[in-house]
Amino acid sequence: MFFLSLCPAPEQRGAVARMEESLLARPRHTRERMAPVVAGLRRVVDGGPLVEGGSDGARRFLGWSERQHWMLEIAPQALLPRTRRWE
């Protein structure tokens, strides 16, 4: 994200378009998990605020969580058995 933020707006939009296109070739569980992240990035690159819960399903992606990460709730059948329980 840092390097993308250094690019001019047309290059940012192009990068997000390539991400969206790349998602189409991924397994369903990957598309389901990443679609909200890419939708949020698209919204910000297009100049809008990232407000979660909109009609496009945009979500903020953070690499950490104090509780179970929201991404783990999407397509849970694709997950390996848990070795650690979040409370």
Side-chain angles (χ1 to χ4, degrees):
M1 296 296 95
F2 171 74
F3 291 111
L4 185 61
S5 73
L6 299 176
C7 295
E11 289 182 33
Q12 291 176 355
R13 287 190 294 275
V16 174
R18 287 187 297 279
M19 289 178 200
E20 291 166 332
E21 185 178 326
S22 176
L23 269 182
L24 299 175
R26 305 291 174 232
R28 183 176 56 89
H29 65 275
T30 302
R31 290 191 312 267
E32 290 174 357
R33 287 189 183 119
M34 294 305 298
V37 175
V38 176
L41 185 57
R42 164 64 65 199
R43 188 185 295 171
V44 171
V45 165
D46 287 345
L50 179 50
V51 178
E52 295 186 20
S55 62
D56 59 0
R59 297 287 305 257
R60 183 179 318 272
F61 180 76
L62 300 175
W64 66 89
S65 179
E66 293 178 356
R67 290 178 228 89
Q68 181 170 325
H69 198 280
W70 63 263
M71 195 175 273
L72 295 175
E73 298 170 9
I74 301 173
Q77 68 280 7
L79 295 174
L80 296 174
R82 290 186 188 180
T83 57
R84 179 177 179 184
R85 297 276 182 210
W86 292 90
E87 298 178 24

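Note that the numbering runs from 1 along the sequence shown for the chain. The figures that follow rest on heavy atoms only: side chains count, while hydrogens, waters and symmetry mates do not. Keep in mind that what you see is a predicted model, and the values were worked out from it rather than measured.
Nearest heavy atoms, Leu4 versus Met19: CD2-CE, 4.4 Å.
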Distance-only donor-acceptor pairs under 3.5 Å for side chains of residues 34-49, two or more places apart:
unit_1: Arg42; atom_1: NE; unit_2: Glu20; atom_2: OE2; d: 3.2
unit_1: Arg42; atom_1: NH2; unit_2: Glu20; atom_2: OE1; d: 2.9
unit_1: Arg43; atom_1: NE; unit_2: Asp56; atom_2: OD2; d: 3.3
unit_1: Arg43; atom_1: NH1; unit_2: Val51; atom_2: O; d: 2.6
unit_1: Arg43; atom_1: NH2; unit_2: Asp56; atom_2: OD1; d: 2.3
unit_1: Arg43; atom_1: NH2; unit_2: Asp56; atom_2: OD2; d: 3.1

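Note that CZ of Phe61 and CE of Met1 are 10.0 Å apart. Values are rounded to the nearest 0.5 Å. Between the CZ atom in Arg31 and the CZ atom in Arg28 there is a gap of 7.5 Å [rounded to 0.5 Å].
For Phe2, the side-chain contact (heavy atoms from CB on, under 4.5 Å) partners two or more places apart in sequence, or in a different chain, are Ser5, Leu6. By the side chain to side chain donor-acceptor pair (under 3.5 Å) test, Ser22 pairs with Arg26, sequence neighbours left out.
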